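Presented below is the structure to which this report refers.
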Amino acid sequence: MSEEKNLNFIEEIIEEDLANRKYTEVLTRFPPEPNGYLHIGHAKSICLNFNLALKFGGKTNLRFDDTNPVKEDTEYVDSIKEDLQWLGFKWATELYASDYFDQLYNFATQLISKGLAYVDDGSAEEITALKGTPTEPGKDGPYRDRPVEENLRLFEEMKAGKYKDGEKVLRAKIDMAANNMHMRDPIIYRIKHAHHHRTGDAWCIYPMYDFAHGQSDSIEHITHSICTLEFIPHRELYDWFIEKLEIFPSKQYEFARLNMTYTVMSKRKLLQLVEEGYVQSWDDPRMPTISGMRRRGYTAESIRNFCDRIGIAKRENLIDVSLLEFCVREHLNKLASRVMAVLDPVKLVITNYPEGQIEELISENGPDESYGTRKLAFGKELWIEREDFMEEPAKKWFRLAPGALVRLKSAYIVKCEGFVKDNNGTVQEVHCSYLPETQSGNDTSGISVKGTIHWVSAAHAIPAEIRLYDRLFKVENPSQEEGDFKEYINPDSLHVISKAYVEPSLANAAAGSVYQFIRKGYFCVDKESQAPKLVFNRTVSLKDAWAKEVKKS
RNA sequence: UGGGUUAUUGUGUAAUGGUAGCACUACAGAUUUUGAUUCUGUCUGUCUAGGUUCGAAUCCUGGUAACCCAACCA
């Protein structure tokens, strides 16, 4: 009878607000500053905000928090919109804090008129000095009691460009002794003679975050303004401005940001990785950015699913990246066609197969009929995986070894008759005989073998570059280790195989398409791939029980 | 050492005074023309010390630990 609801704490608040008829419609917003690329942490926030609106029948705005012109750029605006769309979300209205500059200026004037804001001529150092510390109260500065008329005039002059950067600021007049540092007369406007990506040179004063964000929420009638934990101390200020300005009472709620093992999530650190060449770009497949994950072959659905599973709460967390990988495999398992590719090739010669003979075998493309079938060329010489042959087989080994039988996937059972080594002792060829009556689908032999391996025909296979990615860092939580986080970068996070062989059906594979390379993992075609030079990214490996077995002994 | 926030298995997250559940991970087994998938099973938890109560993860009191706050960043 009792329905399991399992609401997170924000959903509970919304449900209560709706029950109390506090709001008739839920309006949330996603408010990125256009100063960088979106990452998986943003995806958590995006899913939260948009899904809340979806769940309770409301809407979500996209609002760019563009109040600091020196850091922001249209390039970022575009990438953010692209990522959001790719993730599968539709915003109700596209807005910019800079659209409200006039109104924000008026709000500031109102505050001055009420005696709640003043122009301070102090330098940054002087202002900081008077601010006190968390354990010591601040002190009132010399400009705090400037008359309203003078403040009004000075603020207007600031706007008119009469002063240089840093010469004056506008401050809210609250309480220099407040426990909350953010209430010690916070700066609300600063002078910046800088070009803004949208307003150009119309302004030389810009509002601070605290004076823009809450008011923007209020202007839009955002009902639930959701942000991360570090903004908790800002909430008192958020409410103060709304109260003094007597505007729509948006409410701020905070949840814990996402942290994930073996990566970093701060824009500053990600920027360093790009700028200092530890990765190639913002969309490097090793990056935790949305664009990096997209390029790596992660699907939007799997990222959304991941965000659902990690939940929303207020406690610090460090999510195991294996959960993300699970979500990716889960989706790709349903999505990806199965094909064969040999990453580390060694020749397999079928000694009793007629020279020059080619057969067309039929192979299924996936676990059920919906995937369809394709033709596979089979011949006397094949490429197989070097690791699928062992001269002296280990315990529980059921791949190729002298005398052993294995099935070549979708083809025949073969028996290993011998092998050829070069002077260095490296295996050059594996020799097998095949059992003609064991053809896949027409097997009349009654023989069953333990191992099945993948292969490609040497005469038909096409070469490809394959990029294997590993975790970017050697430690679970690089940000918490001693010293510079970059000391913990995994030097082997990228392994490029310049000459692998893939089956010919992949010759025209389009960038972005995803495949399962049987027994090797999920791969996608990189954006740099251009026939005849194919490039694949390994999205994620398959689970590997044999690797675990080896590790144990 | 001022203020704020948070503590549930290895990792996340539920349980809103009444059987500590779910997912990932790990481990074991079954099926398998992918050592994959699928299926079955197993392991480990309420930060701590008291108190209230028939009954406490939940309420109260005291401790402890972690995180955040002193940009003219957001």
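In what follows, every chain begins at residue 1, and chains take the letters A, B, ... in the order their sequences are listed. These numbers come from a predicted model, not from an experiment.
For A/Lys168, the NZ atom sits in a packed shell: over 12 heavy atoms of surrounding residues, nucleotides or ligands are nearer than 6.0 Å.
The base-pairing partner of B/U64, taking Watson-Crick or G-U wobble contacts with both distances under 3.5 Å, is B/A7. Nucleotide B/C59: paired with B/G51 (Watson-Crick or G-U wobble, both distances less than 3.5 Å).
Here, B/A7 and B/U48 have their P atoms 14 Å apart, quoted to the whole Å. B/U46 and B/A57 have their P atoms separated by 10 Å, given to the nearest Å. B/C22 sits 11 Å from B/G41 when the P atoms are compared, rounded to a whole Å. For the P atoms, the distance linking B/G51 with B/U58 amounts to 14 Å, nearest Å. Rounded to whole Å, the separation between the C1' atoms of B/U34 and B/C43 comes to 29 Å. Remark: the separation of the P atoms in B/C54 and B/A49 is 23 Å, to the nearest Å. Rounded to the nearest Å, the gap between the C1' atom of B/G18 and that of B/U37 is 41 Å. For the P atoms, the distance from B/U9 to B/U5 is 23 Å, rounded to whole Å.
A stacked arrangement is not assigned to A/Tyr209 and the six-membered base ring of B/A74, the conditions of a centre distance below 5.5 Å and an interplanar angle below 30° not being jointly met.
Judged by atom type and distance alone, A/Arg519 does not reach the base of B/U34 through any side-chain donor-acceptor pair under 3.5 Å.
A/His197 and A/Asp73 share no side-chain donor-acceptor pair at under 3.5 Å.
Ring pair A/Trp383/A/Tyr501 is parallel by interplanar angle, where below 30° counts as parallel and above 60° as perpendicular.
Annotation: A/Tyr515 is not in aromatic contact with A/Phe523 [ring centroid separation under 6.0 Å not met].
A/Phe326 comes within 4.0 angstrom of sugar-phosphate atoms only, judged by non-hydrogen atoms across all strands, and of no base.
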